[in-house]
Structure formats: C-alpha cells, structure tokens
Amino acid sequence: MESYNPKEIERKWQEVWLKQASAKIDKDDTRKKFYILDMFPYPSGTGLHMGHTESYTASDVFYRFKKMQGFNVLHPQGFDAFGLPAENYAIKTGVPPVETTRKNMENYIRQMRSLGFNYDFSEQAITSDPEYYKWTQWIFSEFYKNGLVYKKTQKTNWCSSCQTVIANEQVVENECERCGTGIEQKEMPTWFFKITDFAEELIADLDNVDWPEYTKKNQRAWIGKSEGTEFDFAIKDLPAGRQGSAEKIRVFTTRVDTVYGVTYVVVAPEHPVITQLESQIANRDEVFAYIEKSKNKTELDRMEAKEKTGVELDGIKAVNPFNGEEVPVFVADYVLGNYGTGAVMAVPAHDERDWDFAKKYDLSIKQSIAPIFVVKEGKDAIRDDAETVKRKTVVAIIKHWEEDKIFCLNWEKFGWKSFIIGGVEDNESGEEAAIREVKEESGFQNIKTIRKIGGEVHSNFYASHKGENRYAKTECYYIELGDGGFIEPKEEETKNHRGEWVKLKDISKYVNLNVHEWFCKIFENGDGAFVEDGVLVNSENYLEMSSEEAREKMTAWLEEKDLGKKVVNYRLRDWSISRQRYWGCPIPIVYSPEGEPHLVPVEHLPWMLPEDVDFVPTGVSPLAKSKELQERTEKIFGAGFTAEYDTMDTFVDSSWYFLRYPDVHNAQEFCSEKRKAWLPVDVYIGGAEHTYMHLLYARFFVKALHKIGHLSFKEPFLKLRHQGMVLDKEGKKMSKSKGNVINPDDMVEKFGADSVRMYMMFVAPLEDAVMWNEENIVGVRRFLERVWRLQEKIVAENTAVESLTHKAIKKVGEDIEAMKFNTAISAMMILVNEADKSGIAESSYELLVTILAPFAPHMAEEIWNNLGHTESIFVSSWPAYDPELIKDEKINLVVQVNGKVRDTIEVEADIAEDEAKKVALESEKVKAYVVGKEIRKIIYVKNKLISIVV
RNA sequence: GGGCGAGUGGUGAAAUUGGUAUACACUCGACACUUAAAAUGUCGCACCGUUUUCGGUAUGCGGGUUCGAGUCCCGCCUCGCCCACCA
C-alpha cells in the first residue's frame, strides 16, 4: 500500500467535489432543512487568516455531520466586499476597488477549497454586487417609508485620516477603530437608522435565543437600559419677558431618592439653556470660553487630566421642587449632552462624580441617604417579641495622647468589640454627647481635638444588655487626647465592658460590630460618596423610608404635580450610517433643487455606484465628483436635482446577508416567500468581537423587517457560538508588526488540510484560544497516519475494537452536536490506538472512517474509495450505534471508606445493591479499615461506587 | 474604577455536571528496529516516602457544606478579555 500522501489525495478529492458540485443543494426542498452560517469574510489582500480557518473548519465539520444525518443543509459563503482597505489601496495605487476585491475574493475561494471547505460558490452573497446592493437599497427604502430612517445635522465622530464619519461603536478610546487617529466632533448632516425604537425588544428577545451567556450580557449592557425619573428644576427669578423656553431645567436621574441631597445642578456644554439664558449669565465670557475649550478637547487632554472641570453660571439659580432650595447651576463636560436630558441634579454625598466635582470646587455636600445595618442572624438578630427603641447614638474613636493607639471597648459577655459608644440626650448635640461619653466611659478628661467622621448611619439589632430591639441613628467623632488625665469611671459604666488600647494598625481587625466597622473604614480610608441604597435622612416627608420606596413615592408625587415622570433611558444611540467614502453602497436618495430628499424609486434600483470618480479623499464624498452620477440624476429626476453623495456604513451590508443566501439569484425580491422557509439561521459561528456591532445591527434589521411585515420571525440567529482567538505558540496575538502571523496556505502545504483541520479542532475547545504550535500538530498527523495504515490491519473479527467503535460513534455524534470537537477526536484516538495494536474488522473500519469524515474529509473519501465504494462517503448516513455493544460487561466498583478510595473490585455490570455491598465488605483491603468499627452508613451509586461510613 | 471569564502535571487539555482527578495529545527519558539518523513501535512521565506491593499529599490560597468537592457556598490572590464619566 502506498504511504499517506495528503497533498495528492487532497487535490484529487477537491477536484472531484468541484466536478460533482457536491455542495449544491435543492433549495426548494425545505422538508428537513438546516441552516448553518459562517460570518462571511472581508476579502483583504492578506487572505484568509487563522481565525477564519478555525471557525470555518468548525462549521464545515458541523455541516458535513448534519448532512450525513439526512438534513438538507444550507451552508453558504460570501463576501463582505465593500470597505475601506480596498479604497485605501485604490488611493495609493489607482487600482479600482472592484478589481482589487475581485482578485482577493478569488484568492479566498482558492484558500477555502484548499482546506476542504465545501461551499457552493455559485450561490454567494457579495455585498458589492449590484444584484446584492439593490436589495440593501430596497431595505433602506422600506425603512425610510416606515419612519425608521431620518436625517439630522448633528455632532458626529469625524476621523480626519479616513475623512469620514464613523459610528459610536467604531470609536475606541476616542480613536478611530481602523486607523487609530484621534476622533474630532464635527457637525454633519447624517442619515440615521432608528435602532433605539427597538431597544426594549433587543434586550427582551435575548431571552429567546441560544447564545453564550456573556455575549447576551455584554449586549444588554451595551444597550444600557436604565429606569429613572425626569423632572424640572425651575430657574429662579427670571425677569419678565425673559422666561420663554428656558424657565426650567429638566434633569434625568436614577436616584430621585437622593433629591434632598442636591446641592447644585449641572448642564452639558451643548445644553440649549445656556444660550437661552445668555443675557442672564454674569460670567458669559468665562462660560463660553469653557464650552469652546471642551468642544476642542482631544482624547489626550481627557486621558491626562482625569479631573473634572466646570464653570458656574453666575446669576442663575435652580429651584429644587421638593424643598424649594435654590442651588447653583454649573456647566461641566462630565455631563453628556446626548444622554438623558443633558442635565443632572448633583448629589455629591451619593454620587462619585458629583463628589469629586464638589470637592474640587468646594461645594456643599449634604447627606440624604444613610446606610442601614439590620442584623437578621445570630444572637443580635432583631426579635419579634421585643420592643423596639429608637435612639440617637454616637461613636467616639479616641486616640492616645502620645502613641498610635485607639481606646476601645471589649464587651466580653456579648462578644462585641467596639469603639466608645453612647446615647445622645435630648437638648444635646452629637459633639457634646461624644465628649461627655468619652469622659464618662473611658475616664480620660483632656480632649485636645474633636472632628466628625462620615455621616449618619442607621442600625437595627437586638441589644441583649438592655433586652430590647434598638433602632439606632449613629454619628461618629474622632477625638485626640491631650494627656493621660484620668478619673476612674463609675462602676455602672464599666460593668459590661472593659477598656483597652489597640494599636492603630490593628484597629480594623479588632472592631466587630457592623456600624463600628463602617466608621473604621471611613476613618482609615477617608470619606467618599455613599452610592448604595439605604434609608432617607434629612428628607422631610420621606424620613426613614427605604431608597426603593422613596423613588416610587417621589416619582408619583412629581407626576401628580405634573413636574416630572418616570422614564426609561438607553445608552444605545441611533445608528449613523452615512460615510463620505466611495467603496460602499450608495444611499438611494436624491435632492430636489430646494434640497428636499426623495427616495430613488424601486424601478431605478440598483442605484449604481458610479465608476468615474477620483478616490482621493478631500472631506467631500468622492461621489460628488462623478459626472455620470449627476447626469443620471438629472435625467431621471429633472434639472437641478442632485444625488446623495454619501455611501452606507458597511455594517448595513452585513446586517442582512444571511437573509439573501436562500435565494441569491432572485431579481424580484430579496428572498421569495417560499425560500424564507430556510430562515432564521439555525447555527451561527463567528468571533466574539462582533458582539456589539454586527450582531446588534443584524438583530435590528430582522426586527425592523418583521415590523414592516417582510419577515415572520424576530431573531436572526437561533444558536450562536464563538470561536476563540488563534494565538502564536507563546500565546500572543498574531500581528504583522510582531511578524508572528501564520498563513493557512503554508500550514496546508506543510501538514496537509486534514491535519490542519484536525489540529484546530483537537487542540482546544472551540470557544477557547488556540495556541498555534507546529510541534504539536504531529500528534494529529500521527493519528491520521495510523488510521491510514489500518487498511493493512484488517482482521476477520475483533469484538473489543467493535465495542470501542460503537462507543466512539455515540461520543463523536454527541460531541459534534455540542460542538465539543476536541473530545470527539480523542474518542477516535482511543479507538485507533487499540485497532492499531490488535487489528480491526472491515465493518468497524468503515464505521470509523465514516465518523472521521467530517473532520478529515479527504482521507475519509480516499479510504472509503479504497474499500470499494464508488459513491462519496458523504452520501452515506451517520451510523447508529448498537446500545448492546457499548455496554460494559464488567465494571470497576470503587469502594470508599470514610470518603477515601480503599479498593476497586471488578464486578458484573448492573450488579444489585445488596450484592455490591456484600462484595465490598468482603474485600480484604476494605476490611482493614472497617473491622472492629461500627458501620454507620453505606451509600451505593449504581455501577460506580460503594461508600462506607464508620 | 466597573462588568465578565479563567486558574488542574514541563505544555495543550479531560472529568458523564457532586462519585476512581490528570482521559487524549505534545515535550522529555529509556529501550527495540537500524551501520547511522529519521520514521515506527514498546515502556515510563503530578509530588513525597518505601521502590513488586503500598501509604501519604495534590485541581491558585484560606475556610465551609457533604459519606464524598476540580465541580456547590463564603472570603482572599493572580491572570485575561471587554467597557470606562451613561447620572
């Protein structure tokens, strides 16, 4: 027999598959349909990368498996062919993008064939084909007609290097995702898709799809739903005739419960109220200088100066509707103009950003929420049968006059360790109480300094030394002693506790009561905003209410007074789709001489991308320079009409390509009703980097088309799986600059496609990172060689191998279904290792080759052929395993004594419980541990183990 | 700073979801075949002690639940990815 020669047999079978059009399916037969989809590639000049190789291998394995199971499987491929690199290449070389793209696509197809991927390339979707983008434009028109498209002049992210507008999602750390240039804000007329109309559905319907949990979570976070309250701060004392539109500032907050802690109001630099009130602002120049400066802030300024800045609007006061308090108004760029209402109520005590700002500008900080500690467990838990007594209390942290020591109380009877604590009498301030308690309880008389620490804290617990439930409101004071002047405390003060000095550095480990721990933390780390929920303080009618209840009550009050309402806000913004680029789908819009936009009617679609353009970007869209486009527009619509010169974001093209595959050649519809039966996609495989853009936009398209009535379903991808990254052997990302990029062509040349495929699938689970280490690939190559050589090790019968074969059939089938390709391969290795030693019956060998076929299709075809079959192995069906053959006759019964394995005994499978126990107890090894002891319990797990407890 | 995920031999990784931890591979070592090398095959490979047997300790660290924990609970540590003024 000839030795295994992958190069030869792979070329041979790739030609056969091509000639037989083995990837062709009858798309009108949807009886047992299955749609598995890859994320189509952008045809770049560098060709297929290893990430594609991995995910396309996974889908090819899955596709071949499903096909053998008898499904009519749609497994298409295409190209996301519009995009910047081809245009940039054109700028450099003058080669038109259409040509570059065509050449690159041919290379991709060659590469995909060389890896044995079985796609029907006569049924591609290529986004730059007029036949394809006709329908991109048609969908745009449908969205337009249904109010899902609008044009707005607004600040947009402008990349000065790419000379184009880019979407929020494409801005990374204030830099262009593609070229790394700093993003500027530029006013541009821009077309938007109203993706925010679907924000709620985009969150809710994630519950209905089988996607990785973290992908769902990230997408939910990206959409960023937040429920809160919007309400008005009136502007104080506007002179008559000045009131107009700016008599109030509307703010958005998720924490209306903190409203009594408002000490100022902040508006974003672009907030209209500033110009509306311009004449009232005393420090106009300063304010406008600030606004101008924040507009031109680059990402560098922001990174370096993390500190918040702002300017007060002198002469303007806002009125808190809850308590009538007048507070100053600031403009500051830490408030975003395009989120919420562009204005916030500032509560420094309960918001970190406001805290920082207030500290910097020395603004007042007012507590309105207190943390609350309720003891629910243990001996201090509140008791239903005890009375609750409310008390104001103080905690005093007393520092030694010379050493770094704190005076503490040890309540040995109760197990408490605390600072000095005591009640506040009527007609006594907290500070006075603290001083009095220190003198009475500690005996020390000479107080040098006293300073308040933190705010008010509430606690609810059972006070066993008093036999009552306590609801305590506690403040904390830090006291430094002047000297050791001391008067022995009265006995009643010290009967429950004993005073002791604790080293300063041990203090946080010493105190063990919740309120004391709380103050200790503030004492050690300093104060900050308390941002969690708690109970209301300093809040008039809402005292001691929980944050949650207060939010409801306060919002209801605002609604009743018509001052505000409950609202839901989303982080998600509408999708800006205009790009000032050439190599994209033209937006099917023309403008009348008056500048009114009109849709290009359907009969003129595709609205062709002109060819007579100069690619060099000037900030004006290249399409503006096309004579042909201008003439075409005027010819159809009349003199003076002009075309829209912007093209669409390429994410638009890729948001619906999966809808086209079932019916790619249809010139009348994007997909016929009949062929829509293929949809939605059953399994989608691709990189996790598409979580935020592509996957979100595609979901939006389907929801929008569903709403308009073109689709009957609401989610495009029922099951989604990500492949991990392919890294170099040191675990580093591959990049041109590091020179560690691996080219799939080289690997196929060196090891053969089947080995490359096997290695990709074997080395790690699909979703984990693959470290590409050429040393390790020999493992799967050896395996394939062994499979090959089994052709010479055929025996008449080998029941042990037959049993292993059926076990492998079961395991491989289940593992492919669950996309656990690595363990599927290891099951085949176990089988082959045994067969290599003891031979294999021809029937078993055929079964082995059949289950190997999805992974190593070329070799499988070749052996199958050598075994005398004339048809492709992929025509045969996935074998069923024989349940009788996978049953083990004997099992190893594990015997544990007190949880430790003491013996394993070979017994008949399905042994009865009594019998198993008997066998276990008869074991000499077990006896050594059991004899003379009382057996308390015996646990039996069927066909697994006996656990004896003595 | 926030969110998510992960830590198991020299390495990539398994573990039917609470039931013999380290399957399957790579590397490494020894041996066989060979004039030699490659290829191939056989054996060994978590750690410590006895070197047939056996016992003890190990899944980042520390506790807990359980007859039994890599898996569940609590508290730490380290790494990775994503997001980062979203009120």
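Just so it is clear: chains get the letters A, B, ... in the order the sequence lines come, proteins before strands, and each one is counted from 1.
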Visitor: Quantified in whole Å, what is the C1' atom distance between nucleotide B:rA25 and nucleotide B:rC79?
Guide: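 That atom pair is separated by 25 Å.
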Visitor: Mapping A:Ile948 and A:Val901 to their closest nucleotides on RNA chain B, which lands nearer the 5' end?
Guide: A:Val901
Visitor: When we call it a touch if two heavy atoms are under 4.0 Å apart, what does A:Val941 touch: a base, just sugar-phosphate, or nothing?
Guide: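 Answer is base: heavy atoms of A:Val941 come under 4.0 Å of a base.
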Visitor: Scan A:Lys837 against the nucleic acid and name what it touches under 4.0 Å (heavy atoms): base, sugar-phosphate only, or nothing.
Guide: sugar-phosphate
Visitor: What heavy-atom pair brings A:Arg250 and A:Leu563 nearest, and what distance separates the two atoms?
Guide: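 Result for this residue pair: NH2-O, 3.4 Å.
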Visitor: Identify whether any heavy atom of A:Met771 sits under 4.0 Å from a base atom; if not, whether one sits that close to sugar-phosphate; answer base, sugar-phosphate or nothing.
Guide: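 Touches nothing.
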Visitor: Using the P atom in both, what is the distance from B:rA15 to B:rA6, to the nearest Å?
Guide: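 B:rA15 and B:rA6 have their P atoms separated by 14 Å.
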Visitor: Using whole Å, what does the distance between atom C1' of nucleotide B:rA15 and atom NZ of A:Lys944 come to?
Guide: 11 Å
Visitor: Touch check for A:Lys925, heavy atoms < 4.0 angstrom, all strands: base, sugar-phosphate only, or nothing?
Guide: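 Contact class for A:Lys925: sugar-phosphate only.
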Visitor: Under 4.0 Å, counting only non-hydrogen atoms across every strand here, what does A:Val344 touch: a base, just sugar-phosphate, or nothing?
Guide: base
Visitor: Ignoring the backbone of A:Val778, work out which of B:rC26, B:rA25, B:rA21 is nearest its side chain.
Guide: B:rC26
Visitor: OP1 or OP2 of B:rU40 versus the side-chain N and O atoms of A:Arg782: is any pair under 4.0 Å?
Guide: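 Result: yes.
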Visitor: Please state whether the phosphate of B:rA14, meaning OP1 or OP2, lies under 4.0 angstrom from any side-chain nitrogen or oxygen of A:Asn822.
Guide: yes
Visitor: Contact class for A:Asp768 (heavy atom, under 4.0 Å): base, sugar-phosphate, or nothing?
Guide: nothing
Visitor: Can you tell me whether the side chain of A:Glu352 and the base of B:rG1 have a donor-acceptor pair closer than 3.5 Å?
Guide: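 Counting by modelled atom types and ignoring angles, no donor-acceptor contact under 3.5 Å is found here.
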Visitor: Which one, B:rA13, B:rC85, B:rU20, comes nearest to the side chain of A:Lys308?
Guide: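 Of the options given, the side chain of A:Lys308 lies nearest B:rC85.
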Visitor: If you measure from the C1' atom in B:rU27 to the same atom in B:rU50, how many Å do you get, rounded?
Guide: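 Roughly 30 Å separates the two C1' atoms.
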Visitor: Taking the side chain of A:Tyr339 as its heavy atoms from C-beta onward, which of B:rC26, B:rA87, B:rA13 lies nearest to it?
Guide: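 The closest nucleotide is B:rA87.
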Visitor: Taking any heavy-atom pair under 4.0 Å as a contact, classify A:Thr823: base, sugar-phosphate, or nothing.
Guide: sugar-phosphate
Visitor: Run A:Asp533 and A:Arg255 through salt bridge (Lys or Arg N to Asp or Glu O under 4.0 Å) and show every step you take.
Guide: CA-CA 9 Å; A:Asp533 278 7; A:Arg255 290 296 305 272; 3.7 Å; yes
Visitor: Please give, in whole Å, the distance from B:rG12 C1' to A:Met829 CE?
Guide: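 Nearest whole value for this atom pair: 12 Å.
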Visitor: Of all the nucleotides listed (B:rA87, B:rC83, B:rG5), which has the minimum atom distance to the side chain of A:Lys217?
Guide: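 The answer is B:rG5.
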Visitor: Distance check: side-chain N/O of A:Arg781 vs OP1/OP2 of B:rC26, anything under 4.0 Å?
Guide: no
Visitor: For B:rA25 and A:Asn833 - does any side-chain N or O of the residue sit under 4.0 Å from the phosphate oxygens OP1/OP2?
Guide: yes
Visitor: Quick check for you: among B:rU40, B:rC67, B:rA87, whose closest atom lies nearest to any side-chain atom of A:Lys937?
Guide: B:rC67
Visitor: What does A:Asn898 touch in the nucleic acid at a heavy-atom separation under 4.0 angstrom: a base, only the sugar-phosphate, or nothing?
Guide: sugar-phosphate
Visitor: Under 4.0 Å: is that the gap between some side-chain N or O of A:Tyr334 and OP1 or OP2 of B:rA87?
Guide: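 Indeed not, no polar side-chain atom of A:Tyr334 lies that close.
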Visitor: Which is true for A:Tyr929 with a 4.0 Å heavy-atom rule: it touches a base, it touches only sugar-phosphate, or it touches nothing?
Guide: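 Touches sugar-phosphate only.
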Visitor: Would you indicate, yes or no, if B:rG41 has its OP1 or OP2 atom less than 4.0 angstrom from a side-chain nitrogen or oxygen of A:Arg786?
Guide: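 The answer is yes; a side-chain N or O of A:Arg786 sits under 4.0 Å from OP1 or OP2.
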Visitor: Please determine if A:Lys225 and A:Glu200 form a salt bridge, counting it only when a charged side-chain N lies under 4.0 Å from a carboxylate O.
Guide: yes
Visitor: Write down the distance separating the C1' atoms in B:rC81 and B:rA32, rounded off to the nearest Å.
Guide: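 Per the computed distance, 49 Å lies between those C1' atoms.
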Visitor: Check every strand shown and say whether A:Phe783 touches a base, only sugar-phosphate, or nothing at a heavy-atom separation below 4.0 Å.
Guide: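 Here A:Phe783 touches no strand at all.
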Visitor: So if I take every side-chain heavy atom of A:Lys820 and compare against B:rA15, B:rG19, B:rC24, which nucleotide ends up nearest?
Guide: B:rA15
Visitor: To the side chain of A:Ile939, which of B:rC67, B:rC26, B:rU40 is closest?
Guide: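 Among the listed nucleotides, the one closest to the side chain of A:Ile939 is B:rC67.
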Visitor: For B:rC85, does OP1 or OP2 lie under 4.0 Å from any side-chain N or O of A:Arg571?
Guide: no
Visitor: So A:Arg902, base contact, sugar-phosphate only, or nothing? Heavy-atom distance under 4.0 Å.
Guide: sugar-phosphate
Visitor: Output the single nucleotide from B:rC4, B:rA15, B:rC24 whose closest atom is nearest the side chain of A:Ile830.
Guide: B:rC24
Visitor: Looking for any heavy atom pair under 4.0 Å, which part of the strands does A:Ser226 touch: base, sugar-phosphate only, or nothing?
Guide: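 Touches sugar-phosphate only.
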Visitor: Report which part of the nucleic acid A:Phe252 touches: base, sugar-phosphate, or nothing (heavy-atom distance under 4.0 Å, all strands).
Guide: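 Base: the residue A:Phe252, judged by heavy atoms under 4.0 Å, touches a nucleobase.
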Visitor: Select base, sugar-phosphate, or nothing to describe what A:Glu775 touches, counting heavy atoms under 4.0 Å on all strands.
Guide: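 Contact class for A:Glu775: sugar-phosphate only.
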Visitor: Between B:rU20, B:rA87, B:rC4, spot the one nearest the side chain of A:Thr253, thanks.
Guide: B:rA87
